[in-house]
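All remarks here apply to the structure that follows.
Excluded from the calculations below are hydrogen atoms, water molecules and symmetry mates; all remaining heavy atoms, backbone and side chain alike, are included. No experiment lies behind these values; they were computed from the predicted model shown.
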Amino acid sequence: MTCDPRVLRRPLLVGLIPAVWTVVLGLWGLSRQNSVWRDEAATWQVARRSTGDIVRMLEHVDVVHSLYYLCMHGLFAGFGPSTTVLRLPSVLAVAAAAACVALIGHRLAGAYVGLGAGLALGLLPAVQFYLQEGRPYALVAAGSAVSTLLLVNALRGRARKRTWAAYACAVLVCGWLNWLALLILPAHLITLLWSRAPRGVRVRWAVAAGAATAGVLPLALFSLDQSGQVSWVPPLTWHMMIGPAILLAIGGLGGLLGRRTGTGTAERTGTAERAGAAGRTDRTGRADRTDRANRAGRPGSAGTVEPPGPVTGSPSVAAVGLPLLAVPQLGLIGLSLVKPLFVDRYILFSLLGLALLIGALIGRAVDEVARRSRPAARCVLPVLVAVALVALLPQSLAKRSPASRVDDVLAAAERTRQLKHDGDGVLFIPAARRDTWLVTPDAFTGTRDIALAETPEESGTLKGVEASPARVRAAMLAQRRILLVTDATGVARPTRGRRDRTKAEVLATHFTLVSDERIRGRRVAVYERLAPAGRG
């Protein structure tokens, strides 16, 4: 298998091939053996609410994901709730991001760099994880890729007013999906400065970036009142810096080679165009046609397929990829020094930069092989992709199994369906484990949530409002049989709330455990009431 030069001459195919490749990776094991974990359960149960209930909830919790929840509500309403509907938007989003990354690499340094970057994106382990995740992070990556492609077009002298309007809209949508996506703006600013963009381009970028920021600012400010949602994020430690350090080291290496690849490609493009125009002019006067074919991507002197001719101020791969990788990583680290926020999924879009820099490494490898054999150079990319696919296969399989997530809501619900009796009381410790019922209410038919005072819809919350400890105690003592859904050992955190301590104390004192099963990160236990003292 080799890269057909006829394919590499067509930018549309350079973008389409990584998109199709990513969709295939995304559809592979999409249901994860029909499992849904707690973060996806939040999306699932909110998407099933009415629009009014969602808006009411956003006043109290998760406003940072407001746009995503409303979009998923529309999809669930139109196609029904399922793991496919839950995750397919992320698959398509990463596919779009892969296409954009490929086009960026193609325009900056040639088709091999573009194809390599686009194909590499879907293989990155972190991207494979969120490629099949019913959360907004893949959509943020897609919007970031679109905005970066628009910026590159502007730097190559192809900007119109609508280009900058589209750029502002892309950043605005990213910000409304997760306002930490605004970290892409300082990355783009560094790209502008590194590329010595003309003053007019810088001014227009500043206007577009300012408009997008102004549109996201109200959401960011409002979400500060809900900062308790991220109270679980641990403070920054040195061992948490290992991952970013490795990524930046790989990115730095790719940046060095990417800078050389971008520069060399531009020089060869000009040489190839002049040689093509002079050497292929025939008696029928087809010089212009030949020159256009060269610019569309005929092989240059080193055997690579070249992008269109260079434009003054056009950036290198390093100037685009390195800031895109480094700035969000370093920016989130900086924010985490003020308030713990460092979670890699919040800046998943930074891996677009890593993919571009990997593409530069691939382009360099193609150049080196092409100096010895042009036919062999066409095999470099397919061989590297095949080797990477095989090497990452254990991780790819692991990320498509239920064990890749901390728990499985659907498995716990199914076991509850099998163990329940009509009239059973149900308890959730902590209250957040009520998502088991909210995602699959039919599994709890015939039972009663004995601690619940207000449903999530009534209270405008994710997990509802529970009764006072005294009322919970009384409700428990009135039950002959109780089903408990909680976290499995190793996943559970110490019980902190007074209400949860009351639940545990009453179960230990007045009930006996008759069944206790661990199912994919959760526990489903059955308790029966002890006979009062003095009775047979």
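- The closest side-chain donor-acceptor pair between T445 and D442, if any, does not fall under 3.5 angstrom.
- Looking at heavy atoms from C-beta onward, M476 lies out of side-chain contact with Q479 at the 4.5 angstrom threshold.
- In the model, E133 has a side-chain atom that pairs as donor or acceptor with a side-chain atom of W37 under 3.5 Å.
- With respect to E466 and K503, a salt bridge is recorded, a charged nitrogen being found less than 4.0 Å from a carboxylate O.
- Taking 4.5 Å as the limit, every side-chain heavy atom of L484 sits out of range of all side-chain heavy atoms of V524.
- No donor-acceptor pair under 3.5 Å is formed between the side chain of S404 and the backbone N or O of R400.
- Geometric assessment of R405 against the ring of F129 yields a positive cation-pi assignment under the 6.0 Å and 45° thresholds.
- Summarising the geometry, atom CH2 belonging to W437 is positioned 14.5 Å from atom CG belonging to L483; distances are rounded to the nearest 0.5 Å.
- Using a distance-only test at 3.5 Å, with no hydrogens or angles considered, a donor-acceptor pair links the side chain of Q132 to the main chain of G26.
- Side chain of S90 to backbone of A138: no donor-acceptor contact under 3.5 angstrom is found.
- When atom types are taken as modelled, the side chain of T436 and the backbone of R433 share a donor-acceptor pair closer than 3.5 angstrom.
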CA sep, side-chain torsions, deciding dist, call: L427, V485, side-chain contact (heavy atoms from CB on, under 4.5 Å): CA-CA 6 Å; L427 283 178; V485 179; over 6 Å; no
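- One finds the CZ atom of R87 at 9.5 Å from the OG atom of S82 (value rounded to the nearest 0.5 Å).
- Contact annotation: the side chain of V64 never approaches that of Q226 to less than 4.5 Å [non-hydrogen atoms, C-beta and beyond].
- If you check the side chains of R48 and Q45, you find no donor sitting under 3.5 Å from an acceptor.
- T489 and R518 share no donor-acceptor pair across their side chains, judged by distance under 3.5 Å alone.
- Nearest heavy-atom pair across T22 and A98 is OG1-CB, 3.4 Å.
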Would L335 and L180 count as a side-chain contact (heavy atoms from CB on, under 4.5 Å) if you check the C-alpha gap in whole Å, the side-chain angles of each, and the deciding distance to 0.1 Å? CA-CA 10 Å; L335 290 174; L180 286 172; 3.8 Å; yes
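- Of all the heavy atoms in V101 and A117, the pair that sits closest is CG1-CB, 3.4 Å.
- Here the side chain of W164 pairs no donor or acceptor atom with the backbone of A208 at under 3.5 angstrom.
- Side-chain contact check for V514 versus Y527: every heavy-atom pair is 4.5 Å or farther apart.
- Ring planes of F444 and F428: tilted class, angle from 30 to 60°.
- Atom NZ of K420 is surrounded by more than 12 heavy atoms from other residues, nucleotides or ligands within 6.0 Å.
- Side-chain contact check for S223 and W179: at least one donor-acceptor pair (N or O, by modelled atom type) lies under 3.5 Å.
- Within the 3.5 Å criterion, the main-chain N or O of G425 finds no donor-acceptor partner in the side chain of R481.
- Heavy-atom neighbours of R204 CZ from other residues, nucleotides or ligands within 6.0 Å: at or below the threshold of 12.
- Between T83 and L30 there is no side-chain heavy-atom pair separated by less than 4.5 Å.
- Here the side chain of E458 pairs a donor or acceptor atom with the backbone of T455 at under 3.5 angstrom.
- In this structure, the side chains of P235 and F342 stay at 4.5 Å or more apart for every pair of heavy atoms.
- Counting all heavy atoms, side chain and backbone alike, C100 lies closest to L149 at SG-CD2, 4.1 Å.
- Between the CD atom of Q128 and the NZ atom of K399 there is a distance of 7.5 Å, given to the nearest 0.5 Å.
- Between W44 and F76, the ring center distance clears the sub-6.0 Å criterion.
- Under the 3.5 Å distance criterion, the side-chain polar atoms of D424 are matched with a main-chain donor or acceptor of H421.
- Between D408 and the options R38, Q33, R32, R520, a side-chain hydrogen bond (donor to acceptor under 3.5 Å, both in side chains) holds for only R520.
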Would you sort out whether M57 and L462 count as a side-chain contact (heavy atoms from CB on, under 4.5 Å), showing the intermediate values? CA-CA 7 Å; M57 184 205 75; L462 278 171; 3.8 Å; yes
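- Here E505 pairs with R473 in a salt bridge; the nearest charged N to carboxylate O distance falls below 4.0 Å.
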Could you go through the side-chain hydrogen bond (donor to acceptor under 3.5 Å, both in side chains) check for S50 and D53 one step at a time? CA-CA 5 Å; S50 69; D53 286 339; 3.2 Å; yes
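- If you check the side chains of D62 and Q229, you find a donor sitting under 3.5 Å from an acceptor.
- Proximity of I184 to C174: side-chain heavy atoms (C-beta onward) are nowhere separated by under 4.5 Å.
- At a cut-off of 3.5 Å, with distance as the only test, a side-chain donor of T461 or S459 sits close to an acceptor on the other residue.
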Could you check R523 against E517 for salt bridge (Lys or Arg N to Asp or Glu O under 4.0 Å), going step by step and ending with a plain yes or no? CA-CA 6 Å; R523 279 181 61 220; E517 298 184 32; over 6 Å; no
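- To the nearest 0.5 Å, the span separating CZ on R529 from CG on L507 amounts to 11.0 Å.
- Nearest heavy-atom pair, L351 versus A126, reported as atom, atom and distance to 0.1 Å: CD1-CB, 3.7 Å.
- At least one donor-acceptor pair closer than 3.5 Å links the side chain of W176 to the backbone N or O of G215.
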L389 and L393: CA distance, side-chain angles, deciding distance, side-chain contact (heavy atoms from CB on, under 4.5 Å) verdict: CA-CA 6 Å; L389 184 62; L393 186 59; 5.8 Å; no
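- Of all heavy-atom pairs spanning L352 and A141, the tightest one is CD1-O, 3.4 Å.
- Surrounding CZ of R202 are more than 12 heavy atoms belonging to other residues, nucleotides or ligands, all under 6.0 Å away.
- In the model, T43 has a side-chain atom that pairs as donor or acceptor with a side-chain atom of R135 under 3.5 Å.
- In this structure, the side chain of E40 does not engage the main chain of V409 through any donor-acceptor pair within 3.5 Å.
- Considering CG of L341 and CD1 of I333, their distance stands at 12.5 Å, rounded to 0.5 Å.
- Checked against the 6.0 Å centroid criterion, the rings of H188 and Y167 qualify as a close aromatic pair.
- Summarising the geometry of A525 relative to L513, their closest heavy-atom pair is CB-CD1, 3.8 Å, with the distance given to 0.1 Å.
- With hydrogens and angles left out, the side-chain atoms of Y346 and N178 include no donor and acceptor closer than 3.5 Å.
- Counting only heavy atoms from C-beta outward, the side chains of L357 and L322 approach each other to under 4.5 Å.
- Note that the CG atom of L119 and the CH2 atom of W21 stand 6.5 Å from one another [nearest 0.5 Å].
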